[in-house]
Structures are given as C-alpha cells and as structure tokens.
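Take a look at the structure below.
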Amino acid sequence: MIRLAIVSGKGGTGKTMVAAALADISGVPQVLADCDVDAANLELLFEPRRLTTEEFRGLEVARIDPEQCRGCGICADHCRFGAIVCRDDVWEVDPLHCEGCAVCTYVCPMGAISMEQRVCGEIYTSVTDRGNLAHARLFPGSGNSGLLVTEVRKRATSLADGADLLLADGPPGIGCPLIATISGVDAVLIVTEPGVSALHDLERLVTVCRRFDVQIFVAINRFDLAEDICKRIEDYCEKEGIVVAGKIPFDSAVVDAVRNGRPVTRSDSPATDALRALRDTLFAELGLI
C-alpha cells in the first residue's frame, strides 16, 4: 500500500481541495485520513456516515481535592502559568491554563493535588463513497495535536484492509502535527501557491520532509495569478530535483464546489482537467497506474 500525504507550508493554499479531488478520482481502493486535526474539514466534502466515536485523552491536568486542601496557596505561588485561582475561598485549577507540569503536586504540603488525564478531543471512523475515513477533532485550547494525528493514522491503517492507497490530508506548517503525518509515509505532495511567503514556506517544508526520506512532489495551485513567482517555484523545484506534478489554474468552479460541499472534480472545469492530469502524473510516479 502506498502512503501519500498532502501537505502545505502555509494555510490557504488549497491543500484540502487537492486532497479531496485526488480521493474522488483516484480510481484505486483507498483509505482516507484527515490529519489536519486542528481544522479537520475533509469530511465536509464527502458526507461520511459515522461508524465510531472515541474520546482522545492527551495532556494531564491538575485537580485539587477540596476536602484535603487547607487553602495555603503555596501551589498558586509556584504555578508559573497562573492556572491555580481562588474562587469563593476555594482553590481550583483552570484547565485551560494548566500545562500539566505537575509542579503543584510536589509543593502541596497536604498532598491535595493530583494529575488527571483530560479529554482533549474525539477520534472518528466513518465510511464514505470513496472509502473509509479516519478523522478527529481537537478541542479548542487543547495540546498534543501531534499525538492525535498519530492516533488518526493508526485508525486509518486499521481500516486499510485491501487498500492500495492511504491518502492523508495533512496539516499546514512544519510543526509536530506535520511530523506525525509524514512519519512512515512513502511520498508527500506539497500544495503551494504563487506567493513570496508560500515559496519561503515551501523551502522550509522541503527541508523537513527530506529528513524523513520520502518522495517529494509539488502542485502549484492558482498558478496563473502570479506567473513570475510560479516560475520561481518551478526553478526552485528543478534545482532541488523535485517533480512539479501539476499546475492548477484559478477557477471559480472550485469556490462553487466548496460552497456546495463536494469535490470540484464532480463537475467539468479547467481545474478539474488540471487535477486529473495531476493525478495521472503523480500516480504514474508512485506506480499506482
């Protein structure tokens, strides 16, 4: 099974649009994973039917037992995050500010503070008309998104019986969620756009991906909006030995498709033609066709 991650150096490049299009027209048995857990939206384009829902427990949070607490405030004095507050003469922990360092448990003279795992999100498995889908939702203010991405990858693998392709819609940027997404994959498709910041972020992302010994491909979305910068991106890719698998024109059909909650490849348009050509080039390179 080929493991392919669709990623981007910055948000707003059209990464999920490309991922949904490839999933829609792949033509091979596949399993899908939405690894952009901070803003998961691949499901919005495929009308999934939910199979399972699980709690995701991440970082621990401190809890004060009011029966044991004598109200000395030593824990609050040592909390560098300001997470311990006194309300109505009762000391308690604000979970949104607690970073789980557990210093308070060591300094409390009464042993009134313990660490408990907090529910940070939910993990889902669903079925769509283009294959099984593993996805998740990280609750606002929660950490450990990289760990949640790893759990999504595990669920996708468990759903991949008979699949030739695991297609992951990854997060933007180069942080922990991206690293968890590309660890162990065979190839990445970086979706970029003709902008100076996008080019800089592309260069950073390529540097990170090369640490993981994966095949790297690039797709340039809305290439015709700034063809001079598009040429700079192509020159950079040529210098780095990276295949530009496709160039997608600006197309209002993409906006209409997203508004209607469907992949753009379900209608005829210049973007659809370009995405089909992208699929052919990419899958030929990966040995899927």
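Residue numbers count from 1 along this sequence.
- With a 6.0 Å radius and a threshold of 12 heavy atoms from other residues, nucleotides or ligands, D129 has its CG atom above the threshold.
- Residues L165 and I6 share a hydrophobic cluster, clusters being chains of Ile/Leu/Val/Met/Phe/Trp/Tyr side chains in contact below 4.5 Å.
- Minimum interatomic distance between N132 and L159 (heavy atoms only, all atoms of both residues): ND2-O, 3.5 Å.
- Panel note: side chain D34, backbone L42; a donor-acceptor pair is recorded below 3.5 Å.
- At a threshold of 4.0 Å, the pair D273-R276 does not count as salt-bridged, since none of the basic side-chain nitrogens sits closer than that to a carboxylate oxygen.
- Residues A271 and V254 share a closest heavy-atom pair of CB-CG2, 3.7 Å.
- D65 contributes no side-chain N or O that, together with a main-chain N or O of A112, makes up a donor-acceptor pair within less than 3.5 Å.
- Distance alone, capped at 3.5 Å, is enough to place a donor-acceptor pair between the D224 side chain and the F250 backbone.
- No more than 12 heavy atoms of other residues, nucleotides or ligands sit less than 6.0 Å from atom CG of D268.
- Here the OH atom belonging to Y236 is positioned 4.5 Å from the CD atom belonging to E240, to the nearest 0.5 angstrom.
- Rounding to the nearest 0.5 Å places CG of L148 at 13.0 Å from SG of C176.
- The two residues C35 and G170 come nearest to each other via the heavy atoms CB-CA, 4.2 Å.
- The CG atom of D164 lies 9.0 Å from the CD1 atom of I2; values are rounded to the nearest 0.5 Å.
- In this structure, R153 contributes its side chain and T181 its backbone to a donor-acceptor pair below 3.5 Å.
- At distances below 3.5 Å, not a single donor-acceptor pair connects side-chain atoms of R63 with backbone N or O atoms of E116.
- Aromatic rings from H135 and Y124 are positioned such that their centres are separated by under 6.0 Å.
- Between P194 and C230, the closest heavy-atom pair is CB-N, 3.9 Å.
- A salt bridge does not link R232 with E234: every distance from a Lys NZ or Arg NE/NH1/NH2 to an Asp or Glu carboxylate oxygen is 4.0 Å or more.
- Clustering ILVMFWY residues whenever any of their side-chain heavy atoms sit less than 4.5 angstrom apart, transitively, puts I248 in a cluster other than the one holding I220.
- A pairwise comparison of heavy atoms in P29 and G162 identifies CB-O, 3.5 Å as the closest pair.
- Closest non-hydrogen pair, A23 versus L32, comes out as CB-CD2, 3.7 Å.
- When side chains are defined from C-beta on, R155 counts as touching I123, because their heavy atoms get closer than 4.5 Å.
- Panel note: side chain S8, backbone G11; no donor-acceptor pair is recorded below 3.5 Å.
- Here the side chains of F139 and C120 are not in contact, with every heavy-atom distance at 4.5 Å or above.
- For the pair L166 and Q30, the minimum side-chain heavy-atom distance is 4.5 Å or more.
- Formation of a donor-acceptor pair under 3.5 Å by the T207 side chain with backbone atoms of E203 is found in this model.
- The backbone N or O of A102 sits less than 3.5 Å from a side-chain atom of T105, completing a donor-acceptor pair.
- The CG atom of N41 sits 4.5 Å away from atom OG1 of T16, with the distance rounded to the nearest 0.5 Å.
- Counting only residues at least two apart or in different chains, ring pair (Phe, Tyr, Trp, His ring centres under 6.0 Å) contacts with residues 190-219 are absent.
- The backbone N or O of D256 lies less than 3.5 Å from a partner atom in the side chain of N260, making a donor-acceptor pair.
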Item to check | Stepwise side-chain contact (heavy atoms from CB on, under 4.5 Å) test for L202 and V218 | outcome: CA-CA 9 Å; L202 169 64; V218 165; 4.0 Å; yes

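- In this model, no donor atom of one side chain and acceptor atom of the other lie less than 3.5 Å apart for T272 and T265.
- Between the side chains of N221 and T13, no donor-acceptor pair is found at a separation under 3.5 Å.
- Counting heavy atoms from C-beta outward, E238 and V243 have side chains that stay 4.5 Å or more apart.
- Two residues are said to be in side-chain contact when any heavy atoms from C-beta on lie closer than 4.5 Å; V127 and L133 fail this criterion.
- E47 has its side chain out of reach of T128: every pair of non-hydrogen atoms, C-beta onward, lies at least 4.5 Å apart.
- Side-chain atoms of V18 and L278, non-hydrogen and from C-beta on, do get closer than 4.5 Å to each other.
- Between R262 and D24 there is no salt bridge, since no side-chain nitrogen of the basic residue lies less than 4.0 Å from a carboxylate oxygen of the acidic one.
- Interatomic distance, R266 CZ to I25 CD1, rounded to the nearest 0.5 Å: 11.0 Å.
- Under the 4.0 Å criterion applied to side-chain N and carboxylate O atoms, D235 and K231 are assigned as salt-bridge partners.
- For the atom pair C209 SG and I179 CD1, the distance stands at 9.5 Å (nearest 0.5 Å).
- L189 and I182 sit in two unconnected hydrophobic clusters of ILVMFWY residues. Membership requires side-chain heavy atoms under 4.5 Å apart, directly or through other members.
- Both V7 and V214 belong to a single network of hydrophobic side chains, linked directly or stepwise wherever heavy atoms of I, L, V, M, F, W or Y lie under 4.5 Å apart.
- You'll find the side chain of C72 stays beyond 4.5 Å of the side chain of W91, heavy atoms only.
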Checklist entry - What do the steps show when you test E92 against R87 for salt bridge (charged side-chain N to carboxylate O under 4.0 Å, His left out), and what is the final call? => result CA-CA 7 Å; E92 58 186 47; R87 296 190 178 102; 2.4 Å; yes

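- Checking side-chain atoms of Q215 against main-chain N and O of L286 turns up no donor-acceptor pair under 3.5 Å.
- Hydrophobic clustering (ILVMFWY, side-chain heavy atoms < 4.5 Å, transitive): L167 and L275 are in one cluster.
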